[in-house]
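Structure record follows, encoded as structure tokens.
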Amino acid sequence: MGVGGGGGGGGGEAVAVEGDEAGKGRRWWRVKVKLSTVAVVAWVLASAALWAGLHWRFRRAALHKAEEALVCMCEERARMLQDQFAVSVNHVHALAILVATFHYDKHPPALDQDTFAVYAARTSFERPLLSGVAYAQRVVHADRESFERQQGWIIKTMKHEPSPAQDEYAPVIYSQETISYIEGLDVMSGEEDRENILRARATGKAVLTRPFRLMSNHLGVVLTFPVYLVDLPNDTTVEDRVAATAGYLGGAFDVESLVENLLRQLAGNQELVVNVYDVTNHSNPLVMYGSEVPLGIPSPSHTYTLDFGDPLRKHQMVCRYRNKLHVSWSAITTPSGVFVICMLVGYIIYAAWSRYDNVKEDCRKMEALKKRAEAADIAKSQFLATVSHEIRTPMNGVLGMLDMLLDTELKSTQRDYAQTAQVCGKALISLINEVLDRAKIEAGKLDLESVPFDLRSILDDVISLFSSKSREKGIELAVYVSERVPEILLGDPGRFRQIITNLVGNSIKFTERGHIFVQVHLADHSNLATETKIEPVVNGMNGHKDEASAILTSGSHNTLSGFEAADSRNNWENFKLLLSYEKNEMPYESDSDKVTLVVSVEDTGIGIPLHAQGRVFTPFMQADSSTSRNYGGTGIGLSISKCLVEIMGGQINFVSRPLVGSTFTFTAVLRRCDKNAISDSKTVVLHPLPSSFKGLSALLVDKRPVRATVTKYHLQRLGITSEVVGTIDPTFGVLSGRNGSSLTSIGKKQPCMLLIESDSWGPQMDVSLHARLQEMKQSDRIHVLPKVFLLSAAESDKVKKINAVDSVIPKPLKASALAACLFQALGITQPSHEKRDDSVLGFEATRQIRAMEGKANEQADDSESGSEIAAKTAKWHLPILAMTADVIQATHEECTKCGMDGYVSKPFEEKQLFQAVQKFLGPSVSS
């Protein structure tokens with residue numbers, strides 16, 4: 001019993017729990033039903049409100065469209081009416097001029113009624129809108145009696161009654177046959193007609209009357225022109241015009257016929273009601289055409305002010321629809337369709353309500369999984385960044401130890417092993433640095449600096465970094481920055497340099513002939529030439545069907561080096577057009593703080609295979625397995641560059657053709673930074689260029705216009721104006737101001753220097769050039785012999801020995817190296833405030849040391865010491881080796897001049913340094 005009771009009690013508790021749950025379920029079901037009912041009602045009401053709103057909007061749109069159509073049709077009719085009226089007025093004016101011609105210096109006039117009537121009838125086709133024309137002669141009261149005897153009739157009023165005495169009269173003496181009934185009538189007998197005639201002769205222009213009924217029972221107006229005895233200038237006074245008036249030529253315009261003919265020519269006349277009014281008196285407008293409809297007609301209507309040539313009289317055209325606008329079917333069907341769709345959507349939502357809980361639970365699980373995946377990705381990036389950083393520290397120690405190991409006595413096999421380990425270690429360090437950057441980017445820990453920097457100086461540094469490699473390969477390496485680009489910008493110079501270095505490094509790596517050309521422009525000024533080069537990769541083919549078509553695509557070879565570029569639009573014509581836009585366009589708007597740069601790196605290398613172009617920016621991906629084996633690299637540089645460009649607010653893309661080359665283009669958003677606004681907290685390294693060359697002029701001989709533009713860019717940075725000729729032959733004519741050149745681009749000043757590209761320099765040209773220049777100087781065609789510079793990528797000292805020139809300017813060009821070379825060759829003393837402190841000190845210190853050695857050697861020579869002392873003095877010479885990044889001949893000569901023993905250009909390797917120091921060491925050490 002006890003067990004049974006216990007079981008019963010447990011069952012009761014379970015039933016109670018189930019009952020509670022059932023009660024809760026029923027209560028929730030009732031709540032759910034109520035909520036569903038409220039939601040359905042609300043949804044229906046909202047759908048109905050949406051229907052009403054859409055219906056009102058469509059009606060308003062239809063009404064607005066009808067109003068626009070009404071305005072368009074009304075203005076079209078008004079303009080055509082004005083034009084046709086103006087044509088008729090011009091013909092009447094021409095007739096008035098003809099009548100006036102018969103009065104010039106002729107007494108009496110060489111015109112009679114028969115001649116006028118015949119001419120007016122024959123030319124009536126030119127005036128289809130006129131009922132007729134007539135000429136009224138001006139008669140003063142003193143001449144009335146003789147005039148009436150001469151004409152054989154008396155002057156009558158417009159009511160055909162004898163005209164009473166008045167100051168002057170205007171009887172019609174010539175008339176077209178269609179209106180011959182007005183002959184002899186005084187047109188000045190009417191008050192309004194008299195005012196119009198007086199106003200016409202006072203102004204010399206046409207005047208219009210108020211509308212009245214013509215003989216055809218149509219409404220019309222009379223146009224009156226004055227006829228003068230002589231030709232009067234425009235500034236003639238009113239008194240002179242009155243005295244010179246011979247008469248008045250008038251014509252009656254049938255306005256109703258004019259408007260009817262006009263409306264008959266145009267479509268849509270059945271839809272419109274057109275009225276023309278004379279609104280000179282706004283309080284009492286006169287109908288010229290149309291029914292007696294007041295101006296305040298219901299909308300929609302449109303009023304257009306007409307200009308019939310008489311500024312005193314005002315006319316208007318009022319257009320409205322003939323019938324009431326009906327509601328369009330779209331205003332009913334479209335909202336109804338939307339209402340039905342809303343009902344269907346509501347039904348779908350209601351049907352899916354029962355599955356809401358399951359979907360919500362699934363979403364919750366998916367959100368949890370998503371957070372776990374994001375946390376794992378962040379942990380991976382953080383782990384990669386930490387491990388990469390920790391690996392780099394011991395790797396630097398390993399490389400240092402390998403350097404020290406290579407300085408010890410090693411067997412050939414051991415040295416080979418150590419050198420192999422050193423090369424692998426450097427490659428691993430480079431890979432770790434790139435992976436670290438990639439990890440920082442993925443972890444969101446890569447922050448950009450915002451400091452002032454000199455963009456042109458950074459590009460010069462990049463050029464210097466790859467100058468040695470480009471000279472070894474014999475390829476042109478050049479940079480051009482638009483003069484519109486601000487001198488100082490605010491951004492991250494290190495990351496900007498990293499992007500440029502990656503792109504130029506890749507170009508150097510994969511280019512064996514031709515050129516590498518870096519251009520920087522403003523985005524707003526490069527839409528024509530540069531921005532169009534950012535083309536998307538279409539199916540990995542860059543728009544080509546296959547690789548063969550991409551290779552065989554022809555293009556202009558008028559490029560930096562003469563080799564074809566990947567993008568056929570990147571030629572001299574577009575480049576020249578871009579330069580003209582930079583010179584002619586308005587300056588970049590200074591109210592914008594942002595500056596968007598477009599940077600392109602063009603090379604004529606091996607290009608990118610079409611099948612690999614779709615994965616160029618994928619990390620650790622290369623064109624194929626042979627790329628890393630033949631050229632090195634990990635395939636992460638472009639990926640990092642793309643991420644850096646996007647962080648800078650820009651985009652990067654490319655155009656590439658196999659065996660032709662590649663052109664990478666990216667944009668970067670930087671900020672303006674005025675030099676005067678640079679605060680002390682913003683560290684910026686500026687390398688101001690010398691100003692000693694401002695005002696000088698140069699003549700450049702270069703057959704490649706793109707390359708010549710780059711050279712002019714570097715000369716312009718130094719303040720040197722220049723002119724370009726294609727070959728050496730026109731040079732002498734330009735120097736003497738002949739051949740049509742007249743030195744316009746260099747201010748009509750004789751150039752003080754002649755720069756010649758190496759490929760324009762022929763054998764024995766130095767002899768003939770100097771002889772020709774000497775001949776021109778002796779014949780006074782030039783006053784001073786210009787300095788001759790040769791632009792060459794070869795070693796400057798060897799080139800200068802072979803060719804008798806004043807100096808050799810090494811390439812690739814950069815402004816600072818060019819300035820140093822010109823200082824040396826032109827004999828210009830560089831101001832002390834423009835010299836760099838370190839070079840003034842790797843020179844002054846050498847002079848002081850050599851001076852001390854000289855004094856010591858002199859004292860040794862004056863002493864009476866023996867051969868042992870003399871032998872010691874022979875060794876009193878301290879070897880001094882210059883180490884600098886300047887590779888120009890001027891710097892080398894300056895080092896030699898101040899007493900240095902050798903010269904090593906940076907960047908250098910240990911082998912190069914050892915070879916330079918080896919000549920100062922004894923035989924035992926050298927071995």
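Between atom OH of residue Y480 and atom OG1 of residue T709 there is a gap of 7.0 Å, rounded to the nearest 0.5 Å. In this structure, the separation between CG on D454 and CD1 on I488 is 4.5 Å, given to the nearest 0.5 Å. How far CG of L597 is from CG of L489: 6.0 Å, rounded to the nearest 0.5 Å. For the atom pair S656 OG and I606 CD1, the distance stands at 9.0 Å (nearest 0.5 Å). In this structure, CD1 on I640 lies 11.0 Å from CD1 on I499, to the nearest 0.5 angstrom. Separating the NE2 atom in H515 from the CZ atom in R513 is a distance of 9.5 Å, to the nearest 0.5 Å.
The two atoms that bring I516 and L560 nearest to each other are O-CD2, 4.1 Å, heavy atoms only. When all heavy atoms of E449 and P493 are compared, the pair lying nearest together is OE1-CD, 4.4 Å. Between I720 and M753 the shortest heavy-atom distance is CD1-CE, 4.2 Å. A566 and G661 get closest at one heavy-atom pair: CB-O, 3.1 Å. Listed here is the closest heavy atom pair of D702 and A708: OD2-N, 3.4 Å. Shortest non-hydrogen contact noted between A698 and L755 is CB-CD1, 4.0 Å.
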Check step by step if side-chain contact (heavy atoms from CB on, under 4.5 Å) holds for L490 and L670.
CA-CA 6 Å; L490 202 62; L670 304 175; over 6 Å; no
- Task: Go through D593 and R671 one step at a time and tell me if the salt bridge (charged side-chain N to carboxylate O under 4.0 Å, His left out) criterion holds.
- Result: CA-CA 6 Å; D593 186 41; R671 292 195 307 170; 3.8 Å; yes
Margin query: Between T665 and V599, does the side-chain contact (heavy atoms from CB on, under 4.5 Å) criterion hold? Intermediate values first, please.
Written below: CA-CA 6 Å; T665 307; V599 185; over 6 Å; no
Practice problem: Give the C-alpha distance, both sets of side-chain angles, the deciding distance and a yes or no for side-chain contact (heavy atoms from CB on, under 4.5 Å) between F789 and L818. | Solution: CA-CA 11 Å; F789 297 88; L818 178 62; over 6 Å; no
**Message:** If you apply the rule side-chain contact (heavy atoms from CB on, under 4.5 Å), what do you find for L700 with L791, and how did you get there?
**Reply:** CA-CA 10 Å; L700 175 62; L791 298 170; 3.9 Å; yes
- request: For E476 and K811, run salt bridge (charged side-chain N to carboxylate O under 4.0 Å, His left out): C-alpha distance rounded to whole Å, both residues' side-chain angles, the deciding distance at 0.1 Å, then the answer.
  value: CA-CA 8 Å; E476 288 272 358; K811 300 176 69 176; 3.0 Å; yes
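Between S482 and V485 the shortest side-chain heavy-atom distance falls below 4.5 Å. Residues V724 and K712 have side chains in contact (heavy-atom distance under 4.5 Å, counting atoms from C-beta outward). Using a 4.5 Å cut-off on side-chain heavy atoms (C-beta onward), D461 and R497 make contact. Using a 4.5 Å cut-off on side-chain heavy atoms (C-beta onward), R495 and M648 make contact. Under the 4.5 Å side-chain criterion, counting only non-hydrogen atoms from C-beta, L813 is not in contact with Y713. With a 4.5 Å cut-off on side-chain heavy atoms, L503 and F666 count as touching. The closest side-chain heavy-atom distance from V520 to V598 is not below 4.5 Å. Side-chain contact between S662 and F654: absent, with no pair of heavy atoms (C-beta onward) separated by less than 4.5 Å.
Taking the salt bridge (Lys or Arg N to Asp or Glu O under 4.0 Å) definition, one finds that R704 meets it with nothing, sequence neighbours left out. By the side-chain contact (heavy atoms from CB on, under 4.5 Å) test, P812 pairs with I463, S467, S470, R471, L477, sequence neighbours left out.
The pair D460-R717 meets the salt-bridge criterion, with a side-chain N (NZ, NE, NH1 or NH2) lying under 4.0 Å from an Asp/Glu carboxylate O. A salt bridge links E757 and R707; the closest N-O separation between the charged side-chain nitrogens and carboxylate oxygens is under 4.0 Å. For K576 and E573, the salt-bridge test passes: some basic side-chain N is under 4.0 Å from an acidic carboxylate O.
For the residue pair N502/S641, the side-chain donor-acceptor check at 3.5 Å is satisfied. Judged purely by distance below 3.5 Å, without hydrogens or angles, the side chains of K473 and T511 never pair a donor atom with an acceptor atom.
With hydrogens and angles ignored, the 3.5 Å screen pairs no side-chain donor or acceptor of S450 with any backbone N or O of G491.
Between F575 and H521, the ring planes lie perpendicular to each other; the angle is over 60°, past the 30° to 60° tilted range. The aromatic rings of F693 and F823 sit tilted, their planes meeting at an angle between 30° and 60°.
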